[in-house]
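In what follows, every chain begins at residue 1, and chains take the letters A, B, ... in the order their sequences are listed. Only a predicted model underlies this, so the values are computations on that prediction, with no experimental measurement involved.
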There are 2 protein chains.
Amino acid sequence: MITFNTFKPTEGTPIYQQILLYVKRGAVAGTIRDGDELPSRRVLSALLGINPNTVQKAFRLLEDEELITSQTGAKSYMTLSAAKIERLREDLLREDIRGIAGALRQMGIDKEEALRLLSENWEESES
Amino acid sequence: MITFNTFKPTEGTPIYQQILLYVKRGAVAGTIRDGDELPSRRVLSALLGINPNTVQKAFRLLEDEELITSQTGAKSYMTLSAAKIERLREDLLREDIRGIAGALRQMGIDKEEALRLLSENWEESES
DNA sequence: CAAACTGTACTAGTCGTATAATACAGTCAA
DNA sequence: TTGACTGTATTATACGACTAGTACAGTTTG
């Protein structure tokens, strides 16, 4: 069962997108695996303190990407494969890395300082 | 005059927030300096193809942070100081770095691989 | 079977972002 | 002074994200 116990939604980004990211990153990290059971829409929404429709939207999008399967009445499960995980890993990494590199460069930070900053702040980042 | 010629709004984030970031990062980079003249609300909105109210909202927030001054009828100017720039630099860097570090760690990337990825993708990031 | 769960669907409302069209007052240069 | 520009303010509209409540159909388990 995927617990979502480390999931903490933040402001500024739609919650359903944060749920998508959480699951995808978990899949890449290996903490979320093929066949894993997802909490029900109602249970998860109560757990996170958000609306069931928001969870439903996130899960529907996960299903659109064929990362989970759902059928009415039964629970939902992860449907991962090595190929899917590899695709996720590449997509997420590229997006994250390029975003930060662009931001730092726009602030006049050079490559060496960027590497130093990332190294120094690595431990202090949120999980 | 601040030209905004490298400003390209993207989807997913409110435009007025992107304008804020653009100006702040420019100030940190030194490409935007104290006393620099800002384009008028009407001119900039026409230039960017967005609504004047959106620009006004961004400029009002910049004024709230005392990074620009505005008075009706006259043009608006940057009001920066070494202390303000230093504060901006720390705020922006911390936010950016911690964001990327947290995302990478959540995907199971260790420190060494993160540094390698940033190093390899540095040149390919958008300006 | 029956109860309790599951996913799914629908309507209605709030809030923030963004657009659109005006209007008014102050500044500045010809 | 006059006119063209500035910043500022207002109202209305549209859309997406999110909340709230309800309903229905299918599955699972006792």
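Heavy atoms of E63(B) sit under 4.0 angstrom from primed sugar atoms or phosphate atoms, though from no base atom.
Each of F59(B) and Q17(A) was assigned the nucleotide of DNA chain D with the nearest heavy atom; the assignment lying further toward the 5' end belongs to F59(B). Closest-nucleotide positions on DNA chain C for G73(A) and N53(A) were compared, and the one nearer the 5' end corresponds to G73(A).
Separating the CD atom in E113(A) from the CD1 atom in I109(A) is a distance of 4.0 Å, to the nearest 0.5 Å. Here CD of E66(A) is found 9.0 Å from CG of D64(A). Values are rounded to the nearest 0.5 Å.
Close to dT6(C), at under 4.0 Å from its OP1 or OP2, lies a side-chain N or O of S40(A).
Proximity note for I15(B) (side chain, C-beta onward) versus dA17(D), dT8(C), dA18(C): the nearest is dA18(C). Of the listed nucleotides (dT27(D), dT8(C), dT6(D)), dT6(D) has the atom at the smallest distance from the side chain of R42(B). Taking only side-chain atoms of T54(B), from C-beta outward, the nucleotide of dG7(C), dA18(C), dT17(C) with the closest atom is dA18(C).
Considering R33(B), M78(B), E37(B) as possible partners of I2(B), the one that fulfils the side-chain contact (heavy atoms from CB on, under 4.5 Å) test is M78(B).
With hydrogens and angles ignored, a donor-acceptor pair under 3.5 angstrom links the side chain of N51(A) to the base of dA20(D).
No salt bridge links R116(B) with E112(B); every basic N to acidic carboxylate O contact stays at or beyond 4.0 Å.
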